[in-house]
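Accompanying notes for the structure given below.
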Amino acid sequence: ISKNTEIGKDAFSSCIGLEKFITVADNENLSKYITDTGLDVTVETRKDISLGTASAADIVYTGEPLFPEVKIELTSGESVSADRDYKLIFVNNVNCGKAKCYAYGVDSYLEGYVVEFNIYCIHDFTETVLREATCSKEGVIVCKCNICGAEENKSIDKLPHTSDKW
């Protein structure tokens, strides 16, 4: 149980055979709940992996799911590593834009982080003239990325008027 979780009066009243809570250290909400309800339970304490910082570097688009390294640095200086101390779940990690990773403690750790990172493309555009410029209208070039499919339009300046075409 997270130490920031508010626990209602009857939160566990329907739990039959409740014997143990697993929580992080200094969980005053849980201690108060156990005292107020008179529950006869044991409490196991785990380390709080959210006492630190988590980060992931931005990464280049490939068209495939991307899994950048997620680093967690605890304020205690204790070393933690993915798979041993925390697990990762990636969301929206294929296309360009913002992606997320949920890093959550396992075994001797609880709590976790939401880590955002950007997926960006090093564009390789092919330009196609959609409309040629004239003296009365700008032209249009369509630029399409050969890697991610992004499209953008560029304008072609109007041509100068020539007196012999009047």
Derivation and outcome, side chain to side chain contact (heavy atoms under 4.5 Å, CB included), residues Leu39 and Leu18: CA-CA 9 Å; Leu39 282 174; Leu18 183 62; 4.2 Å; yes
Derivation of the side chain to side chain contact (heavy atoms under 4.5 Å, CB included) call for Tyr113 and Thr53: CA-CA 8 Å; Tyr113 299 90; Thr53 59; 5.6 Å; no
Full working for side chain to side chain contact (heavy atoms under 4.5 Å, CB included) between Leu74 and Ile72: CA-CA 6 Å; Leu74 299 181; Ile72 295 178; 4.0 Å; yes
Candidate pair Leu30 and Ile7, rule side chain to side chain contact (heavy atoms under 4.5 Å, CB included), full reasoning: CA-CA 7 Å; Leu30 180 59; Ile7 305 170; 3.9 Å; yes
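Between Tyr102 and Phe90, the distance separating the two ring centers is not shorter than 6.0 angstrom. Close placement of the Tyr33 and Phe12 rings is indicated, their centers lying within 6.0 Å of each other.
The closest side-chain heavy-atom distance from Asn92 to Lys100 is not below 4.5 Å. You'll find the side chain of Ile122 reaches within 4.5 Å of the side chain of Val60, heavy atoms only. Val140 places none of its side-chain heavy atoms less than 4.5 Å from the side chain of Ile156. Contact check for Glu6 versus Asn29: side-chain heavy atoms found under the 4.5 Å cut-off. Using a 4.5 Å heavy-atom cutoff, the side chains of Thr126 and Lys144 are not in contact. Residues Ile119 and Leu66 meet the side-chain proximity criterion, which asks for heavy atoms closer than 4.5 Å. In this structure, the side chains of Cys135 and Lys158 stay at 4.5 Å or more apart for every pair of heavy atoms.
Ser76 OG to Ile49 CD1: the interatomic distance, rounded to the nearest 0.5 Å, is 10.0 Å. In this structure, the separation between NZ on Lys32 and CG on Asn27 is 12.5 Å, given to the nearest 0.5 Å. Note that OG1 of Thr35 is 11.5 Å distant from CD of Glu28, once rounded to the nearest 0.5 Å.
At a threshold of 4.5 Å between side-chain heavy atoms, the hydrophobic network of Ile, Leu, Val, Met, Phe, Trp and Tyr places Tyr61 and Phe67 in one connected group. Leu110 and Val80 sit in two unconnected hydrophobic clusters of ILVMFWY residues. Membership requires side-chain heavy atoms under 4.5 Å apart, directly or through other members.
Closest of all the heavy-atom pairs between Asn93 and Phe117 is CB-CZ, 4.2 Å. Shortest non-hydrogen contact noted between Ser50 and Gly112 is CB-O, 3.6 Å. Minimum interatomic distance between Tyr104 and Leu88 (heavy atoms only, all atoms of both residues): CE2-N, 4.5 Å. Nearest heavy-atom pair across Thr45 and Val24 is CG2-C, 3.8 Å. The heavy-atom pair separating Cys101 from Val70 by the smallest distance is SG-CG2, 3.8 Å.
For Glu111 and Tyr86, the side-chain atoms include no donor-acceptor pair closer than 3.5 Å.
Within a 6.0 Å radius of CG in Asn146, more than 12 heavy atoms belonging to other residues, nucleotides or ligands are found. More than 12 heavy-atom neighbours from other residues, nucleotides or ligands sit within 6.0 angstrom of CD on Glu44.
Taking a cutoff of 4.0 Å between a charged side-chain nitrogen and a carboxylate oxygen, Lys47 and Glu78 qualify as a salt bridge. Salt bridge status for Glu73 with Lys71: absent, with no side-chain N to carboxylate O gap under 4.0 Å.
Residues satisfying the side-chain contact (heavy atoms from CB on, under 4.5 Å) criterion with Thr134, sequence neighbours excluded, are Ser136, Lys137.
Side-chain N or O atoms of Arg84 include none that pairs as donor or acceptor with a backbone N or O of Asp107 at under 3.5 Å. Side-chain N or O atoms of Asp85 include one that pairs as donor or acceptor with a backbone N or O of Ser81 at under 3.5 Å. Checked by atom type and distance alone, the side chain of Asn118 never pairs as donor or acceptor with a backbone atom of Tyr120 at under 3.5 Å. Remark: side-chain polar atoms of Thr23 are not paired, donor with acceptor, to backbone N or O of Arg46 under 3.5 angstrom.
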